[in-house]
Engineer: 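Please find one structure pasted underneath; my questions will follow.
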Amino acid sequence: MSGVDRHTGQLIGNYDSALQAVEVIFTTRISERVMRRHFGAGLAELLGRAMTPALFGAWQLLLAVGIDLWEPRFRVRGVYVAATPTDVRLGKAGVRVEVDWRPRALAGDFTVDSVRSFTVRFGARVQIQ
């Protein structure tokens, strides 16, 4: 199964399509979509606030819930800080997300193929690596 890259229009593989879906989930504000008001992760509403341990905990929770609700090809195992203390102070923190990869979940087969992880960095644009 494959998809289309939303920026270039090129064909992409199933895993890249799932990562792209995660990017859309993270960047969509709740109530932004007209026919799907509850779509999104709620992360955009937290941008611009002072980085505190409580806020970072909320980010981790919203990341995990957003993925679990809207992207069936991933099941979150953990969300971890992927930054140094200096990065956190400068507002450049990222998170590493560890997931069960279920490539056939859109077809109803939730068998776990492997465990994968990717890093999410927020800035001018959400970067998923």
Side-chain angles (χ1 to χ4, degrees):
M1 191 177 292
S2 62
V4 176
D5 186 285
R6 66 190 287 229
H7 301 290
T8 65
Q10 301 294 316
L11 286 178
I12 56 176
N14 194 18
Y15 184 69
D16 290 330
S17 175
L19 290 177
Q20 178 176 262
V22 168
E23 179 184 350
V24 172
I25 292 164
F26 291 168
T27 57
T28 302
R29 291 180 176 270
I30 296 198
S31 79
E32 183 176 334
R33 293 206 172 174
V34 174
M35 297 300 287
R36 195 175 276 176
R37 295 278 185 203
H38 54 290
F39 180 82
L43 294 175
E45 288 78 5
L46 299 180
L47 292 176
R49 296 184 184 188
M51 185 74 74
T52 63
L55 180 70
F56 211 80
W59 271 47
Q60 289 175 306
L61 179 66
L62 289 172
L63 281 163
V65 169
I67 292 171
D68 281 342
L69 278 176
W70 298 110
E71 183 45 70
R73 293 172 285 186
F74 290 140
R75 191 180 93 223
V76 177
R77 286 178 161 242
V79 179
Y80 311 99
V81 177
T84 64
T86 303
D87 290 338
V88 173
R89 278 193 291 277
L90 294 173
K92 296 181 179 178
V95 292
R96 185 175 58 82
V97 182
E98 187 175 292
V99 296
D100 289 335
W101 169 235
R102 306 180 299 189
R104 295 168 297 283
L106 294 176
D109 179 6
F110 295 101
T111 305
V112 175
D113 184 63
S114 62
V115 176
R116 298 191 182 191
S117 65
F118 54 89
T119 303
V120 180
R121 299 202 180 280
F122 295 89
R125 182 174 164 224
V126 174
Q127 297 175 343
I128 299 179
Q129 304 165 333

Engineer: Determine the sole option in Val97, Val115, Val99 for which the side-chain contact (heavy atoms from CB on, under 4.5 Å) test with Arg77 is passed.
Structural biologist: Val115
Engineer: Heavy-atom distance under 4.5 Å between the side chains of Phe39 and Val24, does that happen here?
Structural biologist: yes
Engineer: Under 4.5 Å between side-chain heavy atoms, counting indirect links through other Ile/Leu/Val/Met/Phe/Trp/Tyr residues: same cluster for Phe110 and Val22 or not?
Structural biologist: no
Engineer: Shortest non-hydrogen contact from Gly66 to Ala41?
Structural biologist: CA-CB, 4.1 Å
Engineer: Which distance, rounded to the nearest 0.5 Å, do you find between the CG of Asp113 and the CZ of Arg73?
Structural biologist: 13.0 Å
Engineer: Linking I/L/V/M/F/W/Y whenever any side-chain heavy atoms sit under 4.5 Å apart, do Val95 and Leu55 land together?
Structural biologist: yes
Engineer: Once rounded to the nearest 0.5 Å, what's the spacing between atom CG of Asn14 and atom CH2 of Trp101?
Structural biologist: 4.0 Å
Engineer: For the atom pair CG (Leu11) and CG (Asp16), what is the distance rounded to the nearest 0.5 Å?
Structural biologist: 11.5 Å
Engineer: Does Arg75 form a side-chain contact (heavy atoms from CB on, under 4.5 Å) with Asp68? I'd like the steps, not just the answer.
Structural biologist: CA-CA 6 Å; Arg75 191 180 93 223; Asp68 281 342; 4.1 Å; yes
Engineer: When rounded to the nearest 0.5 angstrom, what is the spacing between OG1 in Thr111 and CZ in Arg102?
Structural biologist: 9.5 Å
Engineer: Any idea how Phe118 and Phe74 line up, ring-wise: parallel (<30°), tilted (30 to 60°), or perpendicular (>60°)?
Structural biologist: tilted
Engineer: Please say yes or no: joined through hydrophobic side-chain contacts below 4.5 Å, possibly via intermediate residues, are Val112 and Leu106 part of one cluster?
Structural biologist: no
Engineer: Looking at every non-hydrogen atom in both residues, tell me the closest pair between Ala105 and Pro72 and how far apart they are.
Structural biologist: CB-O, 3.2 Å
Engineer: Stepwise, does the side-chain contact (heavy atoms from CB on, under 4.5 Å) test hold for Trp59 with Val79?
Structural biologist: CA-CA 9 Å; Trp59 271 47; Val79 179; over 6 Å; no
Engineer: Do you know which two heavy atoms are closest between Ser117 and Tyr15, and how far apart they sit?
Structural biologist: O-OH, 4.0 Å
Engineer: Nearest 0.5 Å, please: how far is CD in Glu23 from CD in Glu71?
Structural biologist: 12.5 Å
Engineer: Please walk me through it: do Ile25 and Ile67 pass side-chain contact (heavy atoms from CB on, under 4.5 Å)?
Structural biologist: CA-CA 7 Å; Ile25 292 164; Ile67 292 171; 5.6 Å; no
Engineer: Check step by step if side-chain contact (heavy atoms from CB on, under 4.5 Å) holds for Val120 and Phe26.
Structural biologist: CA-CA 10 Å; Val120 180; Phe26 291 168; 3.8 Å; yes
